[in-house]
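For reference, the structure discussed in these notes is given below.
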Amino acid sequence: MRMLRSAIPIAMGALFVVFTGCQTSNENSNTTAVSNATPPGAQKLTEIPRPAKIEQMMKDRGEQDQAKPTLKVVSPAANATINGSTVDVKLELGGDLKGYMPHKDPATQKGNHIHVILDNQPYEAYYELNQPFELRNVSEGKHTLRVFPSRPWHESYKNEGAFQMVEFTVKGGGDATKPTTTKDGQTMASPAKSPAASASASATPAREGKDYANPSQAGNVDAKKPLLTYSRPKGEYKGEDADPIMIDFWLLNGKLQGDGGDYRVRYIIDDGEPKFLEKWAPIWLSGWNSGKHRVKLELVDKSGNVVDNGGYNSTTREITTTK
Ligand SMILES: [Cu+2]
């Protein structure tokens, strides 16, 4: 009986959080109410300094964190039309590298890599630039590709020229049984190069790449307008990787208010209250409960309105954490 009585206010508190969580567009309405109503045991995230483990990795890397890597998208060429559902991504790495080179260490399964983003999907990691990265089963229509160099702990390089975006069009896409061909019908990539096929053939190692199970299309993006690219967090976090968790993004054509500009990045975790980032730098949040979480990142102007750019400036991802 005593347990039941104490459970009622907790349940009501939880309900209150659910209802106010729907009003996130009206950011003035609910901040104090939500924190008062937070039931015991609820997630309370706090921003903590860069973890010592990462500081140590930076020291061990020598000068690499001062590198200014730049990328050039060789393929798909800007505004190219690709026949077939497989799109080969080829990149050229340049700039002041200071030893920075993407590569996966077979022992640790970690290393420098490039974040590759089709449309506004979660990024894929691309490690070995000497062979193309395959986007497989890409649907017919317009697409964007965004790329930028990243560190082993997934923090992006933010120097000028690191980020590149191209638009391209796929004709006859979305069917993985069809080969990729050039405009003249010359075969560039065949389905036989997919991991399943090459595993049985075993002549060539499986290429890095990503199968897109669900059709994805480009947003109507203007490459000259402010563009927020969601990078981290994504996917599953386990054990010591599950807390703290880094939030990181790329910002093109705009500065945040703390960097002398007009914008802020608003983030909302689950049904929590909106928080703001004033500077373009990663943050680490601690206090995650185990389970599924929603992470929303938005680029907002001085009035708190999302800066529209093809829908890319407001992105929500689901992640899973297991302690
Ligand atoms: Cu990464």
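The first residue in the sequence is number 1, and the count goes up from there.
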Testing the 3.5 Å rule here: is there a donor-acceptor pair between the side chains of Ser85 and Asn137? no
Closest non-hydrogen atoms of Ser314 and Val306, given as atom of the first, atom of the second and distance, are CB-CG1, 4.2 Å
Examine the side chains of Gln56 and Asp60 and answer whether a donor and an acceptor come within less than 3.5 Å of each other. yes
Might you work through the side-chain contact (heavy atoms from CB on, under 4.5 Å) test for Tyr127 and His103, ending with a clear yes or no? CA-CA 5 Å; Tyr127 288 88; His103 176 61; 5.9 Å; no
For Asn112, which of Lys104, Arg151, Gln64 qualifies under side-chain hydrogen bond (donor to acceptor under 3.5 Å, both in side chains)? Gln64
Please report the closest heavy-atom contact between Trp153 and Met246, naming both atoms and the distance. O-CE, 3.5 Å
Report the distance from atom CG of Asn120 to atom CD of Gln217, rounding to the nearest 0.5 Å. 13.0 Å
Would you find a donor on one side and an acceptor on the other, under 3.5 Å apart, between the side chain of Glu208 and the backbone of Glu128? yes
Side-chain donor-acceptor pair present, Thr320, Glu236, cut-off under 3.5 Å: no
Examine distances only and state if a side-chain atom of Asp301 and a backbone atom of Ser303 form a donor-acceptor pair shorter than 3.5 Å. yes
Less than 3.5 Å apart, which donor and acceptor atoms pair up between the side chains of residues 223-230 and the rest of the protein, not counting sequence neighbours?
unit_1, atom_1, unit_2, atom_2, d
Thr229, OG1, Arg146, NH1, 2.8
Tyr230, OH, Pro233, O, 2.6

Do the side chains of Glu55 and Lys53 get close enough for a salt bridge, i.e. N-O under 4.0 angstrom? no
Just by modelled atom types, is the Arg294 backbone N or O under 3.5 Å from a matching donor or acceptor in the Asp270 side chain? yes
Leu277 with Leu251, same ILVMFWY side-chain cluster at under 4.5 Å: yes
Residues which pass salt bridge (Lys or Arg N to Asp or Glu O under 4.0 Å) with Lys59, listed by chain and number, not counting sequence neighbours: none
Given Lys142 and Glu167, is the salt bridge (charged side-chain N to carboxylate O under 4.0 Å, His left out) satisfied, shown in steps? CA-CA 7 Å; Lys142 250 189 149 184; Glu167 286 190 7; 3.3 Å; yes
Can Lys296 and Glu318 be counted as an ion pair, charged N to O under 4.0 angstrom? no
Would you check if the side chain of Asp243 reaches a backbone N or O of Trp288 as a donor-acceptor pair within less than 3.5 Å? yes
Closest approach of Asn313 and Val307, non-hydrogen atoms and distance? ND2-O, 2.7 Å
Straight-line distance of Phe249 CZ to Ser231 OG, nearest 0.5 Å: 10.5 Å
Donor-acceptor pair, distance only, cut-off 3.5 Å: does the side chain of Thr108 make one with the backbone of Lys110? yes
Would Lys255 and Asp262 satisfy side-chain contact (heavy atoms from CB on, under 4.5 Å), going step by step from the backbone distance to the final call? CA-CA 6 Å; Lys255 278 184 180 171; Asp262 295 324; over 6 Å; no
Ring centroid separation His113 to His154 under 6.0 Å: yes
Work out which heavy atom in Arg61 is nearest to a heavy atom in Pro152; give both atom names and the distance. NH1-CD, 3.2 Å
State whether the number of non-hydrogen atoms from other residues, nucleotides or ligands found under 6.0 Å of Lys44 atom NZ is greater than 12. no
Would you please indicate if the ring centroids of Phe148 and His115 are separated by under 6.0 Å? yes
I'd like to know if the side chain of Tyr126 and the backbone of Glu134 have a donor-acceptor N/O pair within less than 3.5 Å. no
Between the side chains of Arg264 and Asp259, is the shortest nitrogen-to-carboxylate-oxygen separation below 4.0 Å, so that they form an ion pair? no
Does Glu47 use its side chain to pair, donor to acceptor, with the backbone of Leu285 at less than 3.5 Å? no
Partners of Glu124 by side chain to side chain contact (heavy atoms under 4.5 Å, CB included), sequence neighbours excluded? Phe133, Lys210, Tyr212, Lys234
Residues Leu118, Val116; criterion side-chain contact (heavy atoms from CB on, under 4.5 Å); working and verdict: CA-CA 7 Å; Leu118 177 70; Val116 175; over 6 Å; no
Might you confirm whether atom CD of Glu160 has over 12 heavy atoms from other residues, nucleotides or ligands at distances under 6.0 Å? no
Provide the closest heavy-atom pair for Trp280 versus Leu256 in the form atom of the first, atom of the second, distance. N-CD1, 3.6 Å
